[in-house]
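Reckoned from all heavy atoms, side chains included, excluding hydrogens, waters and symmetry mates. Just so we're on the same page: letters track the sequence lines, and every chain starts at 1. Keep in mind the model is a prediction, meaning the values are calculated, not measured.
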Protein chains: 2
Amino acid sequence: MASKVTIYDIAREASVGIGTVSRVLNNHPSVTPETRKRVKDVAIRLDYQPHTYAQRLARRQSETISAIIPFFTNYFFIEVLQGVQDKISQLGYDLVLYGVNNIDQVDSYISRALQRGKVDGILFFSMRLPERMISRLKETKLPMVLVDTLSPEFDSISVANAEGAYAATTHLIELGHRSVGMVNAQLVSAPAVERLQGYKRALESHGISYSESLVKSGTNNKADGFNREAGYEAIMEFINNGSEMPKAFFVSSDIQAMGVIAALSEKGFRVPEDVAVVGFDDIELARHIKLTTMRQPMYQMGVLAIERLVTRMSNPDMEILHTTFSPTLIVRESCGALRRNQN
Amino acid sequence: MASKVTIYDIAREASVGIGTVSRVLNNHPSVTPETRKRVKDVAIRLDYQPHTYAQRLARRQSETISAIIPFFTNYFFIEVLQGVQDKISQLGYDLVLYGVNNIDQVDSYISRALQRGKVDGILFFSMRLPERMISRLKETKLPMVLVDTLSPEFDSISVANAEGAYAATTHLIELGHRSVGMVNAQLVSAPAVERLQGYKRALESHGISYSESLVKSGTNNKADGFNREAGYEAIMEFINNGSEMPKAFFVSSDIQAMGVIAALSEKGFRVPEDVAVVGFDDIELARHIKLTTMRQPMYQMGVLAIERLVTRMSNPDMEILHTTFSPTLIVRESCGALRRNQN
DNA sequence: CACTTGTTTGGAAGTGCTTCCAAAAGATGT
DNA sequence: ACATCTTTTGGAAGCACTTCCAAACAAGTG
C-alpha cells in the first residue's frame, strides 16, 4: 500500500519539527535554505507523498471541480471537455465527472456535489438547470458556471447563435443565392430561436424579403428537433407541399443537415450543385461529409469556463458575467464555394 | 460554506455521544431504534452533510476511481464511459477523469493517481501502458484495469477482434461473395493483426483461398492507419494497380470504411450494388451512413471494467483476468443484405 | 439476589495534514 | 555586555470524521 510515509517520519529523520516540514513542502518562505534542503532531501529519500484528503481537510478546500454533463449529446461536450481538462490540470485541480445519462440523475448529482467541502466549484453543461435546484445552489454559495445553457442567476459561457446564423446565411447570399431557406429545430429551444433571428436579419440586411414558406421549424418532432430525422422530414415536406425548392439552405445543426442532404439526394438534388447547404456546430461528422458549417470554439469555451470558475471562486461577489463566443464559418464543399473558386 | 454542521452538533442536540451519531449515520447495527430515530431526526433538522474528506481520511479509503483516457480517440471511449459512469455512481464512487490530450501527460496523470490514498483504483484506456510505469504501479499495489488495451500484468477488458473479423467476413461470404477483400490498418497495432487473422480464418473455413493481393494493410500511413485517409488510399491503390476489384470488403474500422466508400463512389462503384462493405466498431457515424459493421458492446465493457476493478479491490490476490467481449454484427445497407431480402 | 452474559453507549485516540502561537536563535545597535 | 528587533523553529490545536475500548446498563440464570 504505497509509502505510508508521513510528515512525522520526515521530521524525525531530518531532526526538525513537523511545522517546519509542512512549511518546506508548501514553499513557505520562512525556512532557512539549509533546513529546506535537508528536509527536501529526506522527503525524496523516503519517497514521501502527501495525503490528499488530509490536506483537503486541513486546508478546508478541495482543489476539485465537478462537471455535470449530459452524455447523450455527445459531440459538443467532448471537445469542450478537452479545454476544461487542460486548464484544470494546469491549475492542479481534479475533475470529477458526473455524466448524466438520464435527466433524473441531475438532482442527485447536484446534491452530491453540494456535500460540504466536496468541490470548490461546479460546471453545468447544456441542460436546463432545474428550478428547484437554483435556490439550493444559491444558498450554498458554491461557485457554478453554466456552459451552453443560461440562467440569469449564474455565470455562463455560450455561443452567439444569432450572429452565427447571420454569418452562415450571409455566406450563402454572397455566393449569389437570393432564395435561401432555413431548416430549424423547434422554437422551444433557445438556440433555435436565436438562429432564426440571425437568419432573418441576414436576409434583411441584404435586401431580401423574408418568406415564411422558406422556413421549416421542426414541428411535432420528438425531442427538440436537433436530430437527423427532423432534417430529413423538413425537406420531404418541401417536396410534398410542392413549394418551390430554395437553391440554398441554412440548417440549424449539422446533424439535421445530414438528414437534409440525405433527403435531397434521395430526391435527385445534387449538393451543392442544385442545392447548397450550410450547417451549424462543426461536429466531427461535418468534416467527413464535407459540410460547410459554423464552428463553435468548443475547446476555448472549456478553457474559459474553468477560468471563469476560478475567478468566481476567488471573488464570490463579482457581478454575474455572461460570455458568448462567436462561431466561425468553416467552408467545405456543401455550400459550393470551393468548387466555384478553385476548379 | 454550506451547513458547517458536524457530528458534534448532532451529538449535543440529540444528547448522545459522537460515537453513537457516527454509528447511526453509518447504519451500524448496535444502536437502539429509539436512539437511532432521535439522532436521524436531528441530523435532518440541522441539514447535516458529512464532510467527504474527513470521512476518507478516517476510513482510509477514497471511494474514488480515476480513469485515464485518451481524448483523441473519441468515439469509442465515450460510450464506454457511459457504462463506467452508471456503474460507478450506482456503487457510490466518484469518478475523477484524467483526459489525455497528449501522450506525454500519461506519466504525470499516473503519478497523480498514485498519490497515497487518493484513489482506490484506476481504469486505463486504449493506450500502451508505458513500460517504466509498470513496476511503479505494481509496487503500489493500486488496483488497475486496462480497457481496450493489454498487458500481462493487469486485468483487462477488450474485444475479440479475430472473432469479430471472422463474423464480418463470413457475413459477406454468406451473401454469396467468393471474392472478399480486406482493408486493414497497420500491423503494428494488435487489433489489426487479430482482425486479419479472423478474416483469413473465415475464408479458410468456407473453402476460399487467401490471396494477398486482396488485402491492403495500411502502409507508411500516418499514425496506426485507423483513419479515413488510409481507407481512401487503399481503394485507390487497388484501382491504380489495375488489380481486380473484389465485390466485397471487410474494412477494419468504420472510419476507414468511410474513406473506402468515398473512394469507391468517386470511381463510379456503387455501394452495395457493385461492392459490398462491412466495417468494425459501430461508431455513431456508422448509423448515419448506413454502414454494416461489427458492434463492440462498449457500454457493457464500461460496466464490466468497474465491476472487475471493485472485485480486484476487495480481492487483491485474485488471479489476473483478461476478458474479451464478442462483437455483434449490425446489418445495415452497405453490405447489400437488406436490399436483397426486403425490397 | 449475586453473578454472568450480552447489548448499548460515551469518548479518547487515531487519520495526516495546516496554522497559529510562543519560544529560541540570530542579528543589530549602543 | 546587554537590550531590542527580526527571523526561524517546534509543536499544540484544529480540521471532521471512524473505531476501539471500557463503562454502563439490561437481561438472563441458578
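Ion pairing between A:Asp107 and A:Arg112 fails under the 4.0 Å rule for side-chain N and carboxylate O. The residues B:Asp9 and B:Lys4 are annotated as not salt-bridged, no charged nitrogen and carboxylate oxygen being separated by less than 4.0 angstrom. Salt bridge status for B:Asp41 with B:Arg45: absent, with no side-chain N to carboxylate O gap under 4.0 Å. Salt bridge absent: A:Asp317 and A:Lys141 never bring a charged side-chain N and a carboxylate O closer than 4.0 Å.
Per the geometry, CD belonging to A:Gln49 stands 14 Å off P belonging to C:dG16, to the nearest Å. Between the NE2 atom of A:His51 and the P atom of D:dC17 there is a distance of 15 Å, rounded to whole Å. Atom pair A:Gln61:CD and C:dC17:P shows a separation of 16 Å (rounding to whole Å applied). One can place NZ of B:Lys4 at 15 Å from P of D:dG14, the figure rounded to the nearest angstrom. Summarising the geometry, the separation between CD on B:Gln115 and C1' on C:dC17 is reported as 13 Å, rounded to the nearest angstrom. Straight-line distance from the CD1 atom of A:Ile7 to the C1' atom of D:dG14: 13 Å, rounded to whole Å. Atom P of nucleotide D:dA16 and atom OH of B:Tyr53 are separated by 14 Å, given to the nearest angstrom. Atom C1' of nucleotide C:dC17 and atom CD1 of A:Ile10 are separated by 12 Å, given to the nearest angstrom.
Put simply, A:Thr35 has a side-chain N or O that comes within less than 4.0 Å of OP1 or OP2 on D:dT9. A:Arg12 has no side-chain polar atom (N or O) that falls below the 4.0 Å cut-off from OP1 or OP2 of D:dG10. For D:dC17, one of the phosphate oxygens OP1 or OP2 lies less than 4.0 angstrom from a side-chain nitrogen or oxygen of B:Tyr48. Residue A:Arg60 has no polar side-chain atom (N or O) positioned under 4.0 Å from OP1 or OP2 of D:dC15. B:Gln55 has a side-chain polar atom (N or O) that falls below the 4.0 Å cut-off from OP1 or OP2 of D:dT18.
The side-chain heavy atoms of A:Leu137 and A:Met144, taken from C-beta on, include a pair separated by under 4.5 Å.
Listed by residue number, the members of residues 16-34 of chain B with any heavy atom below 4.0 angstrom from DNA chain C are B:Val16, B:Gly17, B:Ile18, B:Gly19, B:Thr20, B:Arg23, B:Ser30, B:Val31, B:Thr32.
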- Between A:Leu142 and A:Ile122, does a side-chain contact (heavy atoms from CB on, under 4.5 Å) hold up when you go through it step by step? CA-CA 8 Å; A:Leu142 228 205; A:Ile122 303 184; 3.7 Å; yes
- Query: Please walk me through it: do A:Arg308 and A:Thr323 pass side-chain hydrogen bond (donor to acceptor under 3.5 Å, both in side chains)?
  - Reply: CA-CA 10 Å; A:Arg308 174 68 40 82; A:Thr323 302; 3.0 Å; yes
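Counting only distance, with no hydrogens or angles, the side chain of B:Tyr98 and the backbone of B:Ser66 share no donor-acceptor pair below 3.5 Å.
Taking five base pairs at each end of the helix from C:dC1-D:dG30 to C:dT30-D:dA1, the local helix axes there meet at an angle of 50°, rounded to 10°.
Under a cutoff of 6.0 Å and an axis angle of 45°, B:Lys138 and B:Phe154 form a cation-pi pair.
Looking at heavy-atom distances under 4.0 Å, A:Thr52 makes no contact with the nucleic acid at all.
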